[in-house]
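Here, residue 1 is the first one in the sequence, and each next residue gets the next number.
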Amino acid sequence: MFIILNFLSVSARKIRRGKTVDRIREIRTGGGERFYILDVLENQKGVNWSEVENFVGAWGRSVLIGEGYSLPQSSSLRKFDCTPFKCLLLYNTASLILRELYLSGCRMRCVVNDTGGKYAVQLEKIVKFSAETTVVTMNSHRYFDECRRLFTEYGAGISVAESCGSIGENDIVIDTDGDYSGGGIVFSPTGNGFTPLYTDGFNDLKALCPPNINALDFLGALYIKNNEIRLDSAACRMMLKDSVPYSVDNIISDTRANFERSADSGKSIIFYV
């Protein structure tokens with residue numbers, strides 16, 4: 001379960017004590033799960049956050065709000081963190097990209113930056129189509145079992161290290177930490193490299209999202225808080241880099257062209273005398 005705050009301006013009107021939360025709507029999703037939309041009144045003095053905090057109670061750490069609003073640090077209210085869902089999108093999308101490149105003869109190296117060791121279960125999506133896979137983590141023990149299984153099933157040699165070493169311009173980097181600053185073709189949940197913009201499909205779920213709420217944050221809340229497990233297959237067809245949208249098809253074609261260009265320039269030239 002999670003909470004969406006919908007702010008309604010009442011201009012100069014005085015808001016009576018205990019009336020900051022004006023209306024509550026309960027929305028049911030798959031499997032009997034639910035979320036709530038709270039209409040919150042604000043006037044020229046702003047929002048009475050203490051009343052909102054008291055009303056929301058234990059669910060105050062799973063809050064979605066619209067652009068232009070922020071939650072006060074002094075309260076227990078916290079914005080829902082969509083990062084794990086965005087990282088899922090990165091793995092699913094990178095897998096699609098690597099597969100298309102693999103089928104066209106481009107064997108790419110992939111580097112996963114996962115310091116906390118949180119995403120070992122996603123590794124299979126990458127190694128199936130990667131020529132070489134390197135995991136950078138400070139918690140290598142979390143990858144041991146998965147690396148052993150993938151080697152048995154696919155013969156995949158996976159390097160696990162505390163640093164990534166040299167990164168080539170055509171290496172694909174999945175940066176789950178969001179703090180990678182090196183080279184390569186970077187996919188990240190934050191603003192570093194290609195970031196998720198929106199997903200295809202799931203229109204029935206998207207229809208439940210209020211227009212002022214970021215759709216990816218909403219889907220992430222459904223996936224993590226409301227157990228919408230069908231979102232486990234979600235992938236991006238559009239991504240954002242330096243505020244410019246890119247289709248995944250364009251990313252694939254550009255990456256293929258750069259790979260082939262690099263391969264051609266690296267070929268030996270033989271002179272016959």
I167-V186 co-clustered via ILVMFWY side chain contacts under 4.5 Å: yes
Y180 side chain vs G183 backbone, donor-acceptor pair below 3.5 Å: yes
I24 and V21: which non-hydrogen atoms are nearest, and at how many Å? CG1-CG1, 4.2 Å
To the nearest 0.5 Å, what is the distance between CZ on F187 and CD1 on I174? 8.0 Å
Close side-chain approach of V248 and I252, heavy atoms under 4.5 Å: yes
Under a single-linkage definition using a 4.5 Å side-chain heavy-atom cutoff for Ile, Leu, Val, Met, Phe, Trp and Tyr, are L5 and V10 assigned to the same hydrophobic cluster? no
Please give me the minimum heavy-atom distance between L89 and A234, naming the atom from each residue. CD2-O, 3.5 Å
Between R142 and D114, does any side-chain N to carboxylate O distance fall below 4.0 Å? no
As an exercise, state the distance from CG of D171 to CZ of R109, rounded to the nearest 0.5 Å. 5.0 Å
Counting only heavy atoms from other residues, nucleotides and ligands, does the tally under 6.0 Å from NZ of K19 exceed 12? no
Working note: E26 + R28, criterion salt bridge (charged side-chain N to carboxylate O under 4.0 Å, His left out); need CA distance, chi angles, decisive distance, verdict. CA-CA 7 Å; E26 180 184 85; R28 293 274 178 174; 3.3 Å; yes
Nearest heavy-atom neighbours spanning N139 and G116: ND2-O, 3.4 Å
Does any non-hydrogen side-chain atom of L205 lie less than 4.5 Å from one of L231? yes
Do N258 and N170 have a side chain donor and acceptor closer than 3.5 Å? no
State plainly whether the residues E228 and R230 are in salt-bridge range, i.e. N to O under 4.0 Å. yes
Whether over 12 other heavy atoms sit under 6.0 Å from I229 CD1: no
Is D200 reaching over with its side chain to a backbone N or O of R237, donor-acceptor style, under 3.5 angstrom? no
Is there a donor-acceptor contact under 3.5 Å from the side chain of D177 to the main chain of T115? yes
Aromatic centroids of W49 and F7 separated by under 6.0 Å: yes
Aromatic centroids of F218 and F35 separated by under 6.0 Å: yes
Side chains of K14 and N43: any donor to acceptor distance under 3.5 Å? no
Of all the heavy-atom pairs spanning P189 and P196, show the shortest one and how long it is. CA-CD, 4.3 Å
Evaluate the side-chain proximity of P210 to I4: yes if any heavy-atom separation is below 4.5 Å, no if none is. yes
What about I213 and Y223, same hydrophobic cluster or not, with Ile/Leu/Val/Met/Phe/Trp/Tyr joined at side-chain heavy-atom distances under 4.5 Å? yes
Sidechain-backbone polar pair: S62 side chain, W59 backbone, donor-acceptor under 3.5 Å: no
Any side-chain heavy atom of I3 within less than 4.5 Å of one from L64? no
Do other residues, nucleotides or ligands put more than 12 heavy atoms under 6.0 Å from the OH atom of Y198? no
Evaluation steps, side-chain contact (heavy atoms from CB on, under 4.5 Å), between R256 and R261: CA-CA 8 Å; R256 182 188 298 117; R261 191 180 304 115; over 6 Å; no
Under the 3.5 angstrom rule, does the side chain of N226 hit a backbone N or O of R34 as a donor-acceptor pair? yes
Does atom NZ of K118 have more than 12 heavy-atom neighbours, drawn from other residues, nucleotides or ligands, at distances under 6.0 Å? no
Is there a side-chain contact (heavy atoms from CB on, under 4.5 Å) between L38 and N6 once you walk through the steps? CA-CA 6 Å; L38 273 58; N6 179 45; over 6 Å; no
Answer with yes or no whether the side chains of T137 and E162 bring together a donor and an acceptor at under 3.5 Å. no
Rounded at 0.5 Å granularity, tell me how far CD1 in I126 sits from CD1 in I158. 10.5 Å
Keeping the roles fixed (side chain from T93, backbone from C236), state whether a donor-acceptor pair exists under 3.5 Å. yes
Tightest non-hydrogen contact, residues S233 and F202, listed as OG-CZ, 4.1 Å
Please check if atom OH in Y102 has more than 12 non-hydrogen atoms from other residues, nucleotides or ligands closer than 6.0 Å. no
Looking only at the side chains, is there a donor atom on one of E53 and S76 sitting less than 3.5 Å from an acceptor on the other? yes
Ring of F2, cation from K225 - is the NZ or CZ under 6.0 Å from the centre and inside 45° of the axis? no
Connected via hydrophobic side-chain network under 4.5 Å: Y154 and V160: yes
Considering non-hydrogen atoms only, spot the tightest contact between S130 and E132 and give its length. OG-O, 2.7 Å
Under a 3.5 Å threshold, yes or no: a donor from one side chain and an acceptor from the other, between E146 and Y119? no
Is there a path of hydrophobic side-chain contacts, each under 4.5 Å between heavy atoms of I, L, V, M, F, W or Y residues, that connects V111 with M108? no
Just verifying a value: how many Å separate L219 CG and T199 OG1, rounded to the nearest 0.5 Å? 5.0 Å
Lys/Arg N to Asp/Glu carboxylate O, R149 vs E124, below 4.0 Å: yes
Determine, step by step, whether L71 and V63 satisfy the side-chain contact (heavy atoms from CB on, under 4.5 Å) criterion, reporting the C-alpha distance in whole Å, the side-chain angles of both residues, the deciding distance to 0.1 Å, and the verdict. CA-CA 9 Å; L71 299 173; V63 174; 4.2 Å; yes
Could you tell me whether R25 atom CZ has more than 12 heavy atoms of other residues or ligands within 6.0 Å of it? yes
Is the shortest side-chain heavy-atom distance between L8 and V40 below 4.5 Å? no
Find out whether K86 and D217 are in side-chain contact, i.e. whether some heavy atom of one side chain is under 4.5 Å from a heavy atom of the other. yes
Short side-chain to backbone donor-acceptor contact, S95 and Y91, under 3.5 Å: no
Starting from the C-alpha separation in whole Å, work towards a yes-or-no answer on side-chain contact (heavy atoms from CB on, under 4.5 Å) for S188 and F194. CA-CA 6 Å; S188 173; F194 291 104; over 6 Å; no
I'd like to know if the side chain of R61 reaches the main chain of L77, judged simply by a donor and an acceptor atom lying under 3.5 Å from each other, with no hydrogens or angles considered. no
What distance do E51 atom CD and T20 atom OG1 have between them, rounded to the nearest 0.5 Å? 3.5 Å
Any chance you could measure M239, atom CE, to S247, atom OG, to the nearest 0.5 Å? 11.5 Å
Does S50 offer a backbone N or O that forms a donor-acceptor pair with the side chain of N54 under 3.5 Å? yes
Side chains of T134 and V112: does their closest heavy-atom pair fall under 4.5 Å? no
Are F259 and L101 packed together at the side-chain level, in the sense that at least one heavy-atom pair is separated by less than 4.5 angstrom? no
More than 12 heavy atoms of other residues, nucleotides or ligands under 6.0 Å from CG of D242: is that the case? no
